[in-house]
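Data block below; observations after.
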Amino acid sequence: MKQIIVAIDGYSSSGKSTMAKHLARAAGYAYVDSGAMYRAVTLYAMRHGMIADDGTPDSNTLAQALPEIEITFQVRQAGEASRTCLNGEDVEDEIRSLAVSNHVSPIAALPEVRHRITALLRGFGHNKGIVMDGRDIGTTVFPDAEMKVFVDASPEIRARRRHEELTAKGKQADYGDVLKNILERDNIDKNRKDSPLQQAADAVVLCNDDMSIEEQHKWLMNLFKLRSTDDSAHRD
Ligand code: CDP
């Protein structure tokens, strides 16, 4: 089996990261959560007063600060998922908050931010053997990825999943607020000028409204076996 790049894109809270992590573990591949990088930049902007009360980011100040923002992924204990660090500080829990979710899409729409994060993300793919999830992985970051999946589910189901996830972590969240945030982010992510959320022409679509995690994983593994043994999928 050859080493490939797997790009999993799709709507907010559609289960991309669960799928991507499962596949990475099963294949012995690295997993990279591109959304975590946009979230970390957003947290930095929030902490440094770069977001106005109406949610508009101060794009010039943030663009100048980008070289000072270092995002790394660290594993605390063998076998555990990696945690996102911002300038050396573990911010994994904070970046998942609804407060960060409420500001991330306008920040992720800024071309300077996208440019920088895209360059960092491409660096992870040099040796292939990687699963990356996000919004523009199959279209912009790795347009030649051998396997591309585009995940969708209804907004209500996605909001329910995210709400359950937040409450399981002991975070107070109102279902209505979560749904509102998901719809707003979908809208900004789909309509931004720079690398909007859209299905790559050669992506396989998975609508997982009625699928269990096990069914989803099985579906993904079948596609992975096909792509990683298919020589015609060699595009480099
Ligand atoms: O996990 P969830 O679906 O809520 O979102 P995420 O993957 O953590 O991404 C958070 C936000 O980052 C998205 O709503 C996008 O605005 C942005 N993002 C992006 O623009 N491009 C990516 N490749 C990944 C995330």
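Only heavy atoms go into these numbers, but all of them, side chains included; no hydrogens, no water, no symmetry mates. Being a predicted model, the structure only gives us computed values, none of them experimental. Order of appearance sets the numbers: ligands from 1, and atoms from 1 within every ligand.
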With a 4.0 Å cut-off on heavy atoms, is Arg192 touching ligand 1?
yes
Ignoring angles and geometry beyond distance, decide whether Asp133 reaches within less than 3.5 Å of ligand 1 through its nitrogen or oxygen atoms.
no
Side-chain ion pair, Arg116 and Glu112, N-O less than 4.0 Å
no
Within the 4.0 Å heavy-atom shell around Ser12, which atoms of ligand 1 are there?
3 (O), 4 (O)
Do any nitrogen or oxygen atoms of Tyr11 come within less than 3.5 Å of a nitrogen or oxygen of ligand 1?
no
Contact between ligand 1 and Ser17 is defined here as a heavy atom of the residue under 4.0 Å from a ligand atom; is it met?
no
Heavy atoms only: which of Arg96, Arg114, Arg135 is nearest to atom 20 (O) of ligand 1?
Arg114
The protein heavy atom nearest to atom 3 (O) of ligand 1 is Ser13 N, 2.8 Å
Take Asp189 and Arg135 through the test salt bridge (Lys or Arg N to Asp or Glu O under 4.0 Å) and record every step on the way to the result.
CA-CA 8 Å; Asp189 294 347; Arg135 302 291 186 285; 3.2 Å; yes
Nearest neighbour in protein (non-hydrogen) for atom 24 (C) of ligand 1
Ser34 OG, 3.2 Å
Relative to each other, are the rings of His217 and His22 parallel, tilted or perpendicular (30° and 60° limits)?
tilted
Taking 4.0 angstrom as the limit, do Asp174 and Arg162 come out as a salt bridge?
no
Applying salt bridge (charged side-chain N to carboxylate O under 4.0 Å, His left out) between Glu146 and each of Arg227, Lys2, Lys128, report the one that passes.
Lys128
Kindly confirm or rule out an N or O of Arg185 lying under 3.5 angstrom from an N or O of ligand 1.
yes
Nearest 0.5 Å, please: how far is CD in Gln3 from CG in Asn127?
8.5 Å
Tell me the nearest of Arg158, Arg162, Glu184, Lys16 to atom 1 (O) of ligand 1, using heavy-atom distances.
Arg162
Which ligand 1 atoms are under 4.0 Å away from a heavy-atom of Ala108?
16 (O), 17 (C), 20 (O)
